Amino acid sequence: MEGDGRMEVGLAWLLRAAWIAGTLPILVASIPSSRLSPVHGVLSGFASRGKTRQSSSQKLTVPQSFFSHFYLVAVVWTTILLLATWDYAYKMAPLDSVSLDYSTIASHLTGGSHILSLHKSRSTSAQHRYRVWRPVFLLLLMELHVMRRLYETLYVFNYSSSARMHIFGYLTGLFFYIAAPLSLCTCCAVEVFNFTADQVAEINVEDRDLLSITGSDWWGYVKPITKLGWFEWIGAAIFIWGWVHQCRCHAILGSIRKERTGEYRIPHGDWFELVSSPHYLAEMVIYAGLLVASGGADFTIWLLFVFVVANLGFAAAETQRWYLHKFEDYPRKRRACLPYIY
């Protein structure tokens, strides 16, 4: 168990280091100083895509339609994490009684598995049970988000064949959608991995499925989620608020791109009346919801949120400059991504 604890700490700090390393250059590039303009230029070149990409060179670029790769990876990875964590929580951290899953315990005892000895003492702690079920809830919300985004990239947006993005931005996006779901469950990721690995090692294909979540007690899997606290549900409400508005704003952008007039026009409607990049604002709200739903005690999730705000704030500023340069009649009251502020 001590080894698991060290691995959890190591994983958490690895992710934290990654979020800090990604955030600091953005913050430096955002400082309005002529001395830092080269940093800003390099970073904007990496981050620019589509309409905001000024260079006509296709060197080290990929089609912007490759955005779908981000969400395909995210859906697959989040689904794996969600199912594994949910199965572990159901069997080893039940909220509806003080006992563990007796069939699982019996299997471990008769099979000589070491899973029970590793997890039983931690799983019987009420605090630990809630700590395990909270990532299940967060991953459910993340799944809802990335599945919609995959749908939008495939069926809502109509990316121009000439729209490109830098390969660095592409690789950053792939990394983000691997690291972000993992950051939501670092508190129990190592336990879940060990538990799932032992489950796979002991599987009997004649009478057991790899994940019993596919086979039987659906209500037993869902009921503990209804027993989570106010933070989780307030966070979910904030998440849904941002989720709905992002859906609307993406529909507006998608309708502009489908007009095929050859000219981009000023978008109107929903949060576009307040800011130039309301879909970025909505994304910030979505991750703020995840942060609140996490209880706000996980430093890794805080750093994830800060990275999202810094990254999208930087991208929104670039988009704002593009709009002001492109349209003489652009509404001057619109801010970049924070109404009345920025």
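Computed from a prediction, not measured in an experiment: that's the story for all the values here.
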Would you please classify the geometry between the Phe168 ring and the His166 ring as parallel, tilted or perpendicular, with 30° and 60° separating the classes?
perpendicular
Can you check whether Tyr177's main-chain N or O pairs, donor with acceptor, with Trp77's side chain at less than 3.5 Å?
no
*Parallel, tilted or perpendicular for Tyr170 and His69, by the 30°/60° rule?*
perpendicular
Rounded to the nearest 0.5 angstrom, the CG-CE distance for Asn194 and Met7 is 6.0 Å
_Could you check whether any side-chain N or O of Arg248 sits under 3.5 Å from a backbone N or O of Asp270, counting only pairs where one atom can act as donor and the other as acceptor?_
no
Here the pair of heavy atoms bringing Thr85 nearest to Cys188 is CG2-SG, 4.1 Å
Heavy-atom nearest pair, Met284 first then Val309, reads CE-O, 3.7 Å
Open item on the list: For the CZ atom on Phe175, are there more than 12 heavy atoms of other groups (residues, nucleotides or ligands in this structure) within a distance under 6.0 Å?
Closed with: yes
query: Which class fits the ring pair His245 and Trp241: parallel under 30°, tilted 30 to 60°, perpendicular over 60°?
result: perpendicular
>> Would you say the rings of Trp322 and Tyr330 are close, in the sense that their centroids are separated by under 6.0 Å?
In response: no
Between the CG atom in Leu15 and the CG atom in Leu11, the distance rounded to the nearest 0.5 Å is 5.0 Å
Do Phe46 and Leu27 sit in the same hydrophobic cluster, where Ile, Leu, Val, Met, Phe, Trp and Tyr count as joined when their side-chain heavy atoms come under 4.5 Å apart? no
Which of Phe176, Trp302, Phe305, Trp13 passes ring-ring contact (aromatic ring centres under 6.0 Å, His included) with Trp19? Answer is Phe176
| request: Spell out, as yes or no, whether a donor-acceptor pair under 3.5 Å connects the side chain of Arg129 to the backbone of Pro94. | output: yes
dist Thr319:OG1 -> Leu312:CG (nearest 0.5 Å) comes out at 10.0 Å
>> Taking Ile80 as the starting point, is it possible to reach Leu174 by hopping between hydrophobic residues whose side chains are less than 4.5 Å apart?
In response: no
CD of Gln246 to CZ of Arg149, rounded to nearest 0.5 Å, is 5.5 Å
Interatomic distance, OG1@Thr186 vs CG@Leu14, rounded to 0.5 Å, equals 11.0 Å
> Quick one: do Val192 and Val76 end up in the same hydrophobic cluster if we chain Ile, Leu, Val, Met, Phe, Trp and Tyr together by side-chain heavy atoms under 4.5 Å apart?
Replying inline: no
Worksheet item: Would you say Thr23's side chain and Ile20's backbone share a donor-acceptor pair under 3.5 angstrom?
Response: no
task = Please confirm whether the backbone N or O of Gly229 pairs with a side-chain atom of Glu232, one donor and one acceptor, at under 3.5 Å?
result = yes
* To do: Fit a plane to each ring of Tyr88 and Phe195, take the angle between them on a 0 to 90° scale, and name the class: parallel (under 30°), tilted (30 to 60°) or perpendicular (over 60°).
  => perpendicular
Quick one: do Phe193 and Tyr90 end up in the same hydrophobic cluster if we chain Ile, Leu, Val, Met, Phe, Trp and Tyr together by side-chain heavy atoms under 4.5 Å apart?
no
Practice task
Look at the aromatic rings of Phe314 and His40 and report parallel, tilted or perpendicular, splitting at 30° and 60°.
Solution key: tilted
Checking the side chain of Gln320 only, and the main-chain atoms of Arg334 only, is there a donor and an acceptor separated by less than 3.5 Å? yes
Tightest non-hydrogen contact, residues Ile225 and Val136, listed as CD1-CG1, 4.2 Å
Between Ala93 and Trp133, the two heavy atoms sitting closest are O-NE1, 2.6 Å
**Asked** Is the backbone of His279 close enough, under 3.5 Å, to the side chain of Ser277 for a donor and an acceptor to pair up by distance?
**Response** no
NZ (Lys59) and CD1 (Ile167) are apart, to the nearest 0.5 Å, by 13.5 Å
Notebook entry, point to check: Is His325 atom NE2 crowded by more than 12 heavy atoms from other residues, nucleotides or ligands, each under 6.0 Å away?
Noted result: no
For Pro25 and Leu43, the nearest pair of non-hydrogen atoms, with its separation, is O-CD2, 3.7 Å
In short, Leu184 meets Leu138 closest at the heavy-atom pair O-CD1, 3.7 Å
